[in-house]
Amino acid sequence: MTRVLIAEDQTMMRDALTVLLDLEDDFEVVAQVATAGEIVSAALRAKPDVALLDIEMPGGSGLDATADLRAALPECVVVIVTTFGRPGYLRRALDAGARGFVVKDRPVGELARAIRRVLAGEVVVDPALATAALSAGPSPLTPREREVLIAAADGSAAADISRRLHLSESTVRNHLSACITKTGTRNRMEAVRVARHNGWL
């Protein structure tokens with residue numbers, strides 16, 4: 001019996017996945033969580049064989065939680081199950097140690113097959129998304145540029161960002177300028193939109 005953890009903030013989606021996977025003879029859902037911060041502790045308690053993680057959840061990202069979960073429970077295989085089929089998300093998920101990346105609009109039978117395949121040692125990625133990721137290339141943003149652009153996403157002024165990230169205002173402005181140049185946009189909010197669309201944030 002394959003033990004499954006589901007991390008999904010939408011109650012209806014979480015319950016539906018649980019019911020559908022429990023209908024499979026070889027799956028048992030042993031834990032459900034609604035926030036990113038609960039993932040590792042729930043996994044340490046339930047000891048799942050596979051964790052199905054959403055990307056955008058309260059308290060953090062399933063992408064960040066993937067790396068934390070792989071460090072805390074290396075034997076647990078991670079599959080990202082998300083609405084957001086963005087090339088940058090795929091690259092970040094695989095870099096963090098995920099073994100599968102499935103979009104939510106696929107039939108549940110495909111998800112069940114994907115789980116079985118990753119447990120057999122394969123890496124499973126939605127084919128259309130894999131093609132898009134290869135075409136898009138890696139994120140051009142450095143980790144610090146990404147951090148500054150995330151901080152700027154709410155419209156914060158450079159002075160506010162500098163205090164929050166403990167950087168000088170000139171450094172913040174330089175990073176924002178680099179983000180604008182690298183995304184081929186005209187201002188920071190356009191840079192945020194492009195970076196989000198590509199899954200770089």
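One-based numbering along the sequence shown.
Put simply, the side chain of Lys104 never gets that close to the backbone of Thr82: no donor and acceptor are under 3.5 Å apart. Judged purely by atom type and a 3.5 angstrom limit, Glu147 has no side-chain atom pairing as donor or acceptor with the backbone of Pro143.
Scanning all heavy atoms of the two residues, the minimum distance from Ala153 to Met189 falls at O-CE, 3.3 Å. In terms of heavy-atom proximity, Leu149 sits nearest to Ala191 at CD2-O, 3.9 Å. Scanning all heavy atoms of the two residues, the minimum distance from Ala93 to Thr66 falls at O-CG2, 4.4 Å. What you find for Ala31 and Ala46 is that their closest heavy atoms are CB-CB, 3.9 Å. The two atoms that bring Leu141 and Ala195 nearest to each other are CD1-CB, 4.4 Å, heavy atoms only.
Side-chain contact check for Cys76 versus Pro48: some heavy-atom pair is nearer than 4.5 Å. Residues Tyr89 and Trp200 are not in side-chain contact: their nearest non-hydrogen atoms beyond the backbone lie 4.5 Å or more apart. Residues Met57 and Ile39 are in side-chain contact: their nearest non-hydrogen atoms beyond the backbone lie under 4.5 Å apart. For the pair Leu94/Arg99, no side-chain contact is recorded, criterion being any heavy-atom separation below 4.5 Å from C-beta on. Between Ser177 and Ile180, the closest side-chain pair of non-hydrogen atoms is not below 4.5 Å.
Leu5 contributes atom CG, which lies 9.5 Å from atom CD of Glu38 (distance to the nearest 0.5 angstrom). Atoms CG and CD, from Leu63 and Glu56 in turn, are 9.0 Å apart once rounded to the nearest 0.5 Å. For the atom pair CG of Asp22 and CG of Leu20, the computed distance is 9.0 Å after rounding to the nearest 0.5 Å. Note that the CG atom of Asp160 and the CD atom of Glu169 stand 8.5 Å from one another [nearest 0.5 Å]. In this structure, the separation between CG on Leu53 and CD1 on Ile80 is 5.0 Å, given to the nearest 0.5 Å. Distance check: Leu201 CG to Ile150 CD1 gives 5.0 Å after rounding to the nearest 0.5 Å.
Ion pairing between a basic and an acidic side chain is recognised when a charged N comes within 4.0 Å of a carboxylate O; Glu75 and Arg70 show no such pairing. Ion pairing of Asp9 with Arg14 is absent here, as no side-chain N (NZ or NE/NH1/NH2) approaches a carboxylate O to less than 4.0 Å.
When each of Glu8, Gln32, Gln10 is paired with Asp15, the side chain to side chain contact (heavy atoms under 4.5 Å, CB included) condition holds for Gln32 and for no other. Each of Val172, Asn174, Ile161 was scored for a side chain to side chain contact (heavy atoms under 4.5 Å, CB included) with Leu167, with one residue passing: Val172.
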Note to self: What verdict does the salt bridge (Lys or Arg N to Asp or Glu O under 4.0 Å) test give for Glu110 and Arg117, after you've listed the backbone C-alpha separation in whole Å, the side-chain angles of each residue and the deciding distance to 0.1 Å?
What the structure shows: CA-CA 10 Å; Glu110 287 191 22; Arg117 288 172 61 193; over 6 Å; no
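Through chains of ILVMFWY side-chain contacts below 4.5 Å, Val77 is grouped with Val4, Ile6, Met13, Leu17, Leu21, Phe27, Val29, Val50, Leu52, Val79, Val81, Val102, Leu111, Ile115, Val118, Leu119, Val124.
One side chain, Ser156 or Arg164, offers a donor N or O that lies under 3.5 Å from an acceptor on the other.
Heavy atoms of other residues, nucleotides or ligands lying less than 6.0 angstrom from CE of Met1 number more than 12.
Both Leu44 and Leu69 are members of a single hydrophobic cluster when ILVMFWY side chains are connected at heavy-atom separations under 4.5 Å.
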